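Written below as C-alpha cells is the structure these notes are about.
No experiment lies behind these values; they were computed from the predicted model shown.
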Amino acid sequence: MAYDFQHIETKWQKRWADERTFSVIEDATRPKFYNVCMYPYPSGDIHMGHVRNYTYGDLLTRYKTMQGFNVLSPMGWDSFGLPAENAAIRTGVHPLIFTENQIERMKAQIGRLGAVYDWDRELAVHRPDYYRWDQWLFLELYDRGLAYKKNAPVNWCPNDQTVLANEQVVDGLCERCDGVVIKRDLDQWFFKITDFAQRLLDDLEGLEWPERVVTMQRNWIGRSEGCQFSMSVSGTDHSFEVYTTRPDTVFGMTFAVLAPEHPLVEQLISGSPREEEARLYIDRARNASEIERLSEGEKTGVYLGYDAVNPVNGRLVPIYIADYVLMGYGTGAIMAVPGQDQRDWDFASRYGIEIIRTVEPPAGWDGKAYTGDGPCINSGFLDGLAMVEAKARIIDWFESEGLGRGTVNFRLRDWLISRQRYWGCPIPIINCPDCGLVPVPRDQLPVIHPEVEDYAPAGRSPLAGVPEFVFVECPECGGPAERETDTMDTFVDSSWYFLRYADARNEDVIFDPEKVAYWMPVDQYIGGVEHAVLHLLYARFITKFFHDVGMVDVVEPFAKLFTQGMIVLSGGKMSKSRGNVVAPDEFFESHGADALRLYHLFMGPPTDGAVWNDSGVDGTARFLDRVWRIAVGEFAQTEEREESAADSEILADAHRTLQKVTSDIDRFAFNTAVAAQMEFSNSLSAYLHAGGRTQTLRECVRLQLLMLAPMAPHIAHELWELVGYGGLLAVEPWPRWDPELVKRDTVTMVVQVNGKVRDKLEVSVDVTAEEAEAVARALAKIQPWLEGATVRKVIVRPPTLVNIVVAND
RNA sequence: GCCGGAGUGGCGGAAUUGGCAGACGCGAUGGACUCAAAAUCCAUUGUCCACUGGGCGUGCGGGUUCGAGUCCCGCCUCCGGCACCA
C-alpha cells in the first residue's frame, strides 16, 4: 500500500475539524496552556514564513495536548490595513469583500498545512463585533486621560498620505512603502504610553524572552538619569531649562543650544537683528525630511545674539539654535560642553567657540571630546572628584540652590494612533463647537464605516468626504457637531486581541475577566522578530492598562516569547517584488504537508534565519516514506522467534529516542528532535532487514507514531489507525520512557594519550577508575605510546575517558 | 558610534556540563535491482601524507587546562537593532 499523502491529509484535516478536536473551554481540573502564534494580515496566500510559524505553534499545541494540558490555540486576522485599501483604490472592490475573500483563501491554506486551532474563537479585527471594542478601549483610555489629542509635529508619509508612529519610521523612511517621511504639524490622537515607561522597563526582568528582544525594548524605552536645571538669559527676564546626563561637566559649558522649535526662540528673535537669519534656519529645519534631519552631518546653527548665565560660575555663554538638538527629548535645550561631548565639540570647532576640558584625557589621547571618567579639573568645587561623586555633588548643589534637580528621562514618546485612512477602526469621538471633544456614548458603539466612493487618501481621512457620517448631533448639547474622521493605527487592534480570544463571542463586554484570568498569561507566544518593539511594546502597555482598571490580573501578557528567524532564498529575503517566493502550495501537491512541516522543523535552529532549499523536503519525504513502509510491513519479513539481544536493543533504542525527542521539544530543539527520529527509523529498518520480531516491531512503531504525532500529524494518524490502535492519536497521552530500558550496561570509553584519542573500547558503565586505567594501559594500540616514555599523570573519568599524559625522556 | 547575535565539510546543520569534532539530512561518487529509468537498498564522502597507520583541522592571533568548537585576552568578518536622545 502506497503512502498517498494527498488523500490522507484531506481525510484527517476534515476529521479534526468535524470533531472539533482542538476546541476547548475553561476547565479548572486541568493545567492550561495558552499557545498563540501572532495573527497574520490576511494577504490571501501563506508563505514559508507563515508555514514555519504555524508549524512550530501547531507542534506545541499537539504536544501539550498529548501531555494532558488544556490547550487553547486560537487564530484570527489582523485584517485592517493598507493593502485592502490600496486594492480598493486600484480595483474598486470594497475592502470588506476583498478582505473576507483573502481570509477564506488563507484559512484554507492554513488548513492544508494541518495546523489546528480553536476556530470557534476566530476573530477578525475589521468586523464590527471586534472593532466596537477597540472603540470601547479608546474611550476607557480617553476617560482616564490616556488618550488625548494635540497639535504636534508628526511623521507624515506623503505616499500613503497618513501620519505614522515613531515606531513605524525606519531610517527616516515609511515602514510600509519606503517613502521619505517628513514632519508636519497636525492635530493628532496619542495614547499616553509614556506614563508606563518605567513599568515597561522594569517588568522586562521577569520575562522568558529572547535577550535581543528585551534589549531592543530597553533601548527603545531609553531611560537615562541626569539633571535638569534652569539658566537665565542675560539682560532679559527669560530663562530656560536644560537636561544633561553629565551635570559633572557643567563647569566646561561654553555655549548653550535651543532646538529650533523651542518656544523661547520666538520670543528671543522677534524684533532682534538676527531675526531673519534665525527664521531662515528654523524654516529649513522644519521642512527637512526626517532622513535629512537625522543624518549626522555637519552641525549647523545660528547665534541668537543672547547669552545665558552658567549658574555654577556666573559665566556668560552664547545661545544658539541648532537642529542637532531635538525638541522632543529632554527639555529641547542643552548646555554644551565641547570638551566632553563630541557633538558639542564638532559644533564648537565649526563656530570657533572655546573648548574647556573638565576631565583630563588619558596620555596619548588623540581623539577630540573625552567622555570617559577621571578626576574633575577646571571645575571649582568639583575638582578632584570622579564622575559618580561629582554628579551626586553637583545635583545636591542645584537642589540646595533651588536651581535644578536630578531627573530621569525616557526616549519613548507617546504613541500616535490616528491615521488618515479608510480601512481602520473609526475613532469614536465627536467634535462639538460648544462642548469640545465628546465621546460617542458607549451604547452607540460601534461607529461603523460609511460607504465611500473614493478610497484614495487626500491628506485627510476618506471618511471626511461622507457628510452623512460626519455631521451629527452632539450627544451632550444636541447641537450640530462633526465626527472625528481619522481611524486608528492597526496596532491598536493587535494590542489586545489575545485577551479577546479568551471570550471571543461575548456581545456584552469586551471580555469576561474570569475567562481571561483562566487563560492569561499567554504561555507561549510565537512570531517574527520584526515585532520586537512595535506590537510587543503596545500589547504590554495595553495589558498593564487593563490590569490597572482591574480587568486583567497579570501585568505582562506573554510569559514566554519565541521569535523565529526569517526564511530567505539564496539571494535575499523572499518577497513578491523580487519574484523569489517559494509557495507552500506546490509542496502540498508534490511532497505533502507533513514532509513540508518536517523540513521546516529540521532545517536548523528555529531562532536562526534559514536559506530555503527545495531539495531539503526530499529528505524529510523519504523519511516519512520509510516510516510508512516499516509500519505497513512492506519492509518486514518478520517471523516469530525467541526474543534476542537485537530485540531488547531496538526497544531500548526506541525509549532513548523518546527521551531525547521529549527533551528536545521542551527546549525548542526541533531540528535534533527530527534527527533523532530519523536515526531511530534507520536503526529500525536495519533491525528489520536482519529479521525483526513482530511483537517488538509493533511496540517500536507505536512509539514512533506517538513521537511523530505533533510533527507529522496526518501520516501518524493514518498509520495509527491502519496498524490497528484504537482512538484518535491526537488525544493519546504522550508516552513515557522506561528508565530501566534507557539505562546502558556498557559504554564506549575513549583512551587518549596526551589528549589525543588513540583507541576506544566498550566497558561496563560501573567500571572503577583503577580498572579503567588498567584496561587502557593494556591496549595494544596504547602500548607503543608508553614505551620509552614516562607517565606523568593519568586522568580517569570513568566510564567514558582515560587520558594518559606522557613525556619522552 | 552604541547594543545584541553569529562564524564548524561542497551545502543546511550536530556536539545540552571543558572530554570521540562533523550526528541527522541535502548534494556527490561507486555498486545492487531493472530491458531501461524512477523509486528503493548497500558503500564511500573534512583535508593532506610515506595510507593495517599518522599529520592537520571549528574566522585570525595569543592564553588557561591533562584536554578547548565550548573558558579568558586581543583582533577580523558577517547579520540584526538603535542611532545628533544631550
Side-chain angles (χ1 to χ4, degrees), chain A residues 2 170-171 210-220 222 224 226-227 242-247 249 257 259 293-297 299 322-326 328-337 340-344 346-347 409-413 529-530 532-533 565-566 570 598-599 602-605 607-620 622-623 625-626 629 634-635 660 663-664 667 669 671-680 682 685 689 748-760 781 784 792-797 800-806:
Chain A
V170 180
D171 294 333
E211 194 51 44
R212 65 171 171 159
V213 176
V214 171
T215 305
M216 279 160 76
Q217 291 219 353
R218 202 174 276 140
N219 292 343
W220 192 264
S224 75
C227 173
V242 298
Y243 171 73
T244 177
T245 54
R246 291 295 303 276
T249 66
V257 186
R293 182 84 186 257
L294 291 175
S295 64
E296 290 172 55
K299 300 213 170 9
D323 65 3
Y324 79 93
V325 173
L326 309 173
Y329 184 77
T331 59
I334 62 161
M335 67 165 194
V337 184
Q340 317 307 134
D341 183 288
Q342 189 56 46
R343 294 156 303 185
D344 297 344
D346 294 342
F347 192 87
N409 249 299
F410 294 93
R411 303 177 62 170
L412 184 68
R413 318 281 170 83
V529 74
E530 65 273 17
V533 282
M566 231 176 8
S570 54
L598 221 45
Y599 178 55
F602 184 58
M603 267 202 286
T607 41
D608 293 0
V611 177
W612 181 260
N613 175 9
D614 275 357
S615 58
V617 192
D618 293 338
T620 51
R622 270 196 276 256
F623 161 64
D625 222 36
R626 191 160 54 239
R629 291 198 310 271
E634 290 181 15
F635 237 138
K660 176 158 176 61
S663 72
D664 280 357
R667 64 187 180 100
N671 52 336
T672 50
V674 174
Q677 296 203 51
M678 288 174 163
E679 262 181 282
F680 177 63
N682 290 343
S685 77
H689 278 298
T748 306
M749 185 171 79
V750 171
V751 183
Q752 301 179 329
V753 177
N754 289 344
K756 291 214 163 71
V757 179
R758 298 299 176 188
D759 203 1
K760 304 170 188 183
K781 283 187 188 167
R792 298 266 186 223
K793 201 173 182 181
V794 181
I795 284 102
V796 188
R797 296 276 177 277
T800 53
L801 179 123
V802 173
N803 183 14
I804 303 169
V805 186
V806 301

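- Between the C1' atom of C82(B) and the CZ atom of Arg413(A) lies a distance of 13 Å, rounded to the nearest Å.
- Residues forming a salt bridge (Lys or Arg N to Asp or Glu O under 4.0 Å) with Arg758(A) (at least two apart in sequence, or on another chain): none.
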(request) Report, as a single string ordered 5' to 3', how protein heavy atoms within less than 4.0 Å touch nucleotides 65-72 of chain B: B base, S sugar-phosphate only, - not at all. (result) -B------
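- Contacts of Thr245(A) with the nucleic acid, taken as non-hydrogen atoms under 4.0 Å apart, involve only primed sugar atoms and P, OP1 or OP2.
- RNA chain B is contacted by both Gly616(A) and Asp664(A); Asp664(A) maps to the nucleotide lying nearer its 5′ end (nearest heavy atom per residue).
- Stem analysis of RNA chain B (at least three stacked-register Watson-Crick or G-U pairs, each with both distances under 3.5 Å) gives B:1-7 with B:76-82, B:10-12 with B:24-26, B:27-32 with B:40-45, B:46-49 with B:53-56, B:59-63 with B:71-75.
- Taking the six-membered ring where the residue is Trp, Tyr329(A) and Tyr243(A) present perpendicular rings, their angle passing 60° and hence far from 30°.
- Remark: side-chain polar atoms of Asp344(A) are paired, donor with acceptor, to backbone N or O of Val337(A) under 3.5 angstrom.
- Between the NZ atom of Lys781(A) and the P atom of C20(B) there is a distance of 18 Å, rounded to whole Å.
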(request) Assess whether side chain to side chain contact (heavy atoms under 4.5 Å, CB included) is satisfied between Ile795(A) and Gln752(A), documenting all intermediate values. (result) CA-CA 9 Å; Ile795(A) 284 102; Gln752(A) 301 179 329; over 6 Å; no
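- Side-chain atoms of Arg626(A) and Asn682(A) include a donor-acceptor pair closer than 3.5 Å.
- In terms of the side-chain contact (heavy atoms from CB on, under 4.5 Å) criterion, residue partners of Met678(A) (sequence neighbours excluded) are, by chain and number, Phe602(A), Thr620(A), Phe623(A), Val674(A).
- Heavy-atom minimum distance, Thr245(A) versus Ser224(A): CG2-OG, 3.8 Å.
- For Arg246(A) and Ser615(A), each mapped to the nucleotide of RNA chain B holding its nearest heavy atom, the one lying further toward the 5' end belongs to Ser615(A).
- At the heavy-atom level, Ser224(A) lies under 4.0 Å from the strands shown only through sugar-phosphate atoms.
- Remark: P of G27(B) and CG of Asp614(A) are 11 Å apart, rounded to the nearest angstrom.
- Looking at Asp759(A), its side chain never comes within 3.5 Å of a backbone N or O of Val751(A) through a donor-acceptor pair.
- In this structure, the CD atom of Glu530(A) is 17 Å from the C1' atom of C82(B), given to the nearest Å.
- When the C1' atom of A86(B) is taken as reference, atom OH of Tyr243(A) falls 8 Å away, rounded to whole Å.
- Pro210(A) comes within 4.0 angstrom of nothing in the nucleic acid, heavy atoms only.
- In textbook terms, a nucleotide whose glycosidic angle is within 90° of 0 is syn, while C48(B), being further out, is anti.
- Across all strands shown, Asn682(A) has heavy atoms under 4.0 Å from sugar-phosphate atoms exclusively, and none from any base.
- In this structure, CG in Asp341(A) is found 9.0 Å from CE in Met335(A), a value given to the nearest 0.5 Å.
- The phosphate of G27(B) has OP1 or OP2 within less than 4.0 Å of a side-chain N or O from Arg622(A).
- Looking at residues two or more places apart in sequence or on another chain, you find a side-chain contact (heavy atoms from CB on, under 4.5 Å) between Thr748(A) and Lys760(A), Glu762(A).
- U70(B) and U65(B): their P atoms are spaced 16 Å apart (whole Å).
- At whole-Å resolution of the value, CG in Leu326(A) and C1' in A83(B) are 11 Å apart.
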(message) Please encode protein proximity along nucleotides 4-9 of chain B as a string of B, S and -, counting only heavy-atom distances under 4.0 Å.
(response) S-----
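- Across the C1' atoms, G54(B) and G63(B) are found 28 Å apart, a figure rounded to whole Å.
- Under the side-chain hydrogen bond (donor to acceptor under 3.5 Å, both in side chains) criterion, Arg212(A) pairs with no residue at all, not counting sequence neighbours.
- Among residues two or more places apart in sequence or in another chain, the side-chain hydrogen bond (donor to acceptor under 3.5 Å, both in side chains) test is passed with Asp618(A) by His591(A).
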Tabulated below should be each protein N or O lying under 3.5 Å from an N or O of nucleotides 42-51 of chain B; please produce it.
none

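- G25(B) and A32(B) have their P atoms separated by 24 Å, given to the nearest Å.
- Regarding the sugar-base torsion, G10(B) falls in the anti class, its angle being beyond 90° of 0.
- The shortest distance between the side-chain N/O atoms of Tyr329(A) and the OP1/OP2 oxygens of A86(B) is below 4.0 Å.
- Contacts of Asn754(A) classified as side-chain hydrogen bond (donor to acceptor under 3.5 Å, both in side chains), with partners at least two apart in sequence or in another chain: none.
- Here the separation of A21(B) from U58(B), taken at their P atoms, is 12 Å to the nearest Å.
- With sequence neighbours left out, the ring pair (Phe, Tyr, Trp, His ring centres under 6.0 Å) criterion links Phe680(A) to no other residue.
- For Arg758(A), whose side chain is taken as the heavy atoms from C-beta onward, the closest listed nucleotide among G55(B), G13(B), C84(B) is G55(B).
- Residue Met749(A) contributes atom CE, which lies 17 Å from atom P of G19(B) at whole-angstrom precision.
- Contact of the Met749(A) side chain with the Thr800(A) side chain is not registered, since no non-hydrogen atoms from C-beta on lie closer than 4.5 Å.
- Look at Arg218(A) and you won't find any side-chain N or O under 4.0 angstrom from OP1 or OP2 of G81(B).
- Summarising the geometry, the separation between NZ on Lys660(A) and P on A14(B) is reported as 10 Å, rounded to the nearest angstrom.
- For Gln342(A), the side-chain hydrogen bond (donor to acceptor under 3.5 Å, both in side chains) partners are Asp346(A), not counting sequence neighbours.
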